Amino acid sequence: MAGEKPIDSEQRLLELKEFLSFHDELYYKKAQPEISDQQYDRLKRELIDLESKTDFTKRLSNQDVSQSEIFHSNNFPMVGDDRLEGFASHRHMVSMLSLDNTYDEAEFFDFDARLRRIFGTKDLPYVVEPKIDGVAVSLTYENGRLTSAATRGNGIEGDVITQNILHAQGLQRTIDSPTLPEIIEVRGEIFMRNSEFVRINSLREELDLPSYANPRNLAAGTVKLLDPMEARSRKLEIVVYGLGGCLPSDYFVNQSSFHDAIRNWRLPVVEFLKSVSSAREAWSAILELDELRHQYEYPTDGAVIKLDSFSMQRRAGQTAKSPRWAIAFKFESERQETYLEEITVQVGRTGVITPVAHLKPIQLAGTVVSRASLHNADEIHRKDIRIGDVVVVEKAGEIIPQVIEVVRSKRLESSLPYEFPVKCPKCQTLLTRQEGESAWKCPNQGCPDQVKGRLKYFASRGCMDIENLGEAVIDQLVDRGLVRSIPELYCLGIDQVLQLDGFAQKSADNLIDSIEKSKTNEFWRLICGLGIKHVGTSAAKELAKRFPSLETIAQSTEEDFLSMDGIGQIMAESIVGFFKEVDNGIVPSELADLGLNCQRTTTALPVSILTDKIFVLSGTLESMTREKAQGKIEKLGGKVSGSVSKKTDFLVAGPGAGSKLRKAEMLGIQVLGEKDFIALLEQK
Ligand code: IVH
């Protein structure tokens, strides 16, 4: 008996380690986790419990490194590793650890009891703060100047991501005060708002790129982009909450005074910092925070409870993984059980097959949920999801519904494993899958669903913006065999349009007019509308500026594209590959023959006072959208940049302009209100 148990737990230990290291890789390096934080935490807890039962691992994970708290010891923190190739390394002055976490009230009070034993006191002073669900960052300021921003990395060394987050709202390049520490590491989180997350995901879907599951993952993916220009096109924000290293090391005495100081330095701080004098008071603050946290701009998944005094923190010490002076109390995200009534598959614009779960509708975190993406065949297989199962549904990052797991105990005996289709549900072509890819694809470019997807993308607002050509009209045109490709759209006759449901003479004329009008669109709109993988609006605009015609783009080589700003290897390969394809129905000369504008506008821009001037837009404008403002500036030869620098000529500031305005004022850059801006445009 004695011999059996350890083998079981050793096996489980190995299994858990392997499983968690697979998911660590997905979470830290790829920013594409496949299990929820709660599932991860549960397994991690199981691992820690098992480890503490075996002597050897106990010594490893609970080593007391409290004596070497200020600078690194040789002990390696056990915190995962987010470092990637292509980034410079930064060594943290004080290691960036992880936090112990719990979902359980009693465990929170155990944490307090342990500390009280160390200090021999009845009650201890704590601070309670929100736990921000973003990406950990360490900002180093030397004599008030930001010298680096780095990720946690392996806890000791992180990746330098300064260029990718310089534009983050709230980030200060300099901090000012009569008595600044010589060097200070300020710790915080980079996050993304939900609205920005939704905006970027929909752009990615249009480009047939995998979407991110939640704002945290997208923020993590953004800080690790190798192209800072791309990073700059995504709105990031920062909030700071903690102290890393500091010279002199006794500059701050406690967390509350540190918080006050960083607020005075105009760094964006958490708005909830409760100083309390006992665990009971801390518990009330935790409950209060759970009520308030949804109003905050950043996503939160718990509360962090810290000993307030820095000298007490030092005395409490830390393990190789986390400090003993702090704990995260995580809030359960809302979950519900429901029936999985059906699984259908959708065919995307490029043939990617996406399975969708049809659920018995449930109310979840404020909305009715009846569908959830199942991502791909592997995911269904891994979770063994079957039609008729009772499943647990949760909103990833509190937004996108996901099937977390199957409730096995409620499975019907008669249920059968789900068989992923082998043929395209639309055109019956055998599906294919490339080695190493998780997506099955319909390889038939003529598949009506793909044709519809391509035409919808082509006609959409961000591309050719063809009025009256909505999704329902495109569905009809393709279903009736009237249009099978982009060129055929331009061959449509009025008689054909009149065959469609809901069309009369006037509406048919309008549709034909809109299609005709789109022929004169700016060149970049056509490039964008072709749906070349990875080529979105900004790359299309660059291509339209650089190349005289679609035909020259089609004849160019990877090297030609690589020499351009903002175009990397993957995009270059994709463009060349697109024009080599014969099945996509795109022949540049044919489009030109049909009368579409396939050429760069050759009329030289009149030299205006805006020529080559660099604008930054901040806050909201009443009379136009940002896109409109950008269009107007570009039309007059100016440029729009995402962040304020010495090179900026004008900052256009509307209500809500924040850190950019402060930066512009600091650098002495001319700030224009909306009226001044419009006057400038009119003056040309
Ligand atoms: S204090 C020694 N305070 O949570 C670690 N961390 O799981 C002390 N986090 O790496 C960290 N909000 O990235 C602290 N108010 C907060 C936090 C916070 C989010 C993150 C941080 C840390 C991770 C630990």
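The first residue in the sequence is number 1, and the count goes up from there. All values derive from a computational prediction rather than experimental measurement. Every number for a ligand or one of its atoms is a count from 1 in the order of the listing.
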Exercise. Counting heavy atoms only, which part of Leu99 comes closer than 4.0 Å to ligand 1: side chain, backbone, both or neither?
Worked result: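 For Leu99, the contact with ligand 1 is made by both the backbone and the side chain.
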Exercise. Applying a 4.0 Å heavy-atom criterion (strictly less than), which segment of Gln318 is in contact with ligand 1: side chain, backbone, both, or neither?
Worked result: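 It is neither part, as no heavy atom is under 4.0 Å.
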Exercise. Where do Ala372 and Pro401 come nearest, in terms of heavy atoms and distance?
Worked result: CB-O, 3.6 Å
Problem set entry | Side-chain donor-acceptor contact under 3.5 Å, Asn254 with Ser309 |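 Their side chains do not contain a donor-acceptor pair, so the 3.5 Å distance test is not met.
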Exercise. With a 3.5 Å cut-off and no angle check, do the side chains of Thr222 and Arg234 form a donor-acceptor pair?
Worked result: yes
Please could you name the atoms of ligand 1 that [X] approaches to less than 4.0 Å, counting only its heavy atoms?
X: Pro323; result: 2 (C)
X: Ala136; result: 13 (O)
X: Leu97; result: 2 (C), 5 (C), 10 (O)

Distance-only N or O hit between ligand 1 and [X], under 3.5 Å:
X: Lys306; answer: yes
X: Pro130; answer: yes
X: Gly188; answer: no

Problem set entry | Test ring-ring contact (aromatic ring centres under 6.0 Å, His included) applied to Phe258 - qualifying residues, sequence neighbours left out | Phe252
For this session: Answer yes or no for Met96: is there a heavy-atom contact with ligand 1 below 4.0 Å?
Result: no
Exercise. Does ligand 1 have any atom sitting under 4.0 Å from a heavy atom of Gly242?
Worked result: no
Problem set entry | Counterpart residues, side-chain contact (heavy atoms from CB on, under 4.5 Å), relative to Val304 (two or more places apart) | Leu99, Lys131, Lys306
For this session: Determine whether Ile238 and Pro268 make a side-chain contact, defined as any pair of heavy atoms from C-beta on separated by less than 4.5 Å.
Result: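 With C-beta onward as the side chain, the pair touches.
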For this session: Measure the shortest side-chain to side-chain distance between Tyr212 and Asn201 over non-hydrogen atoms and say whether it is less than 4.5 angstrom.
Result: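 A side-chain contact exists here, since the closest heavy-atom pair is under 4.5 Å.
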Measure the distance from [atom] to every protein heavy atom, then report the residue, atom name and distance (to 0.1 Å) of the closest one.
atom: atom 10 (O) of ligand 1; result: Arg152 NH1, 3.3 Å
atom: atom 14 (C) of ligand 1; result: Tyr241 CE1, 3.2 Å
atom: atom 12 (N) of ligand 1; result: Ile132 N, 3.0 Å

For this session: Check the angle between the aromatic planes of Phe329 and Trp283 and answer parallel, tilted or perpendicular using the 30° and 60° thresholds.
Result: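 Rings of Phe329 and Trp283: perpendicular, over 60°.
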Exercise. Could you go step by step and tell me if Val406 and Val392 meet the side-chain contact (heavy atoms from CB on, under 4.5 Å) rule?
Worked result: CA-CA 6 Å; Val406 170; Val392 178; over 6 Å; no
For this session: Could you name the option among Glu129, Lys131, Glu189 that has the heavy atom nearest to atom 4 (O) of ligand 1?
Result: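 Among Glu129, Lys131, Glu189, the closest heavy atom to atom 4 (O) of ligand 1 comes from Lys131.
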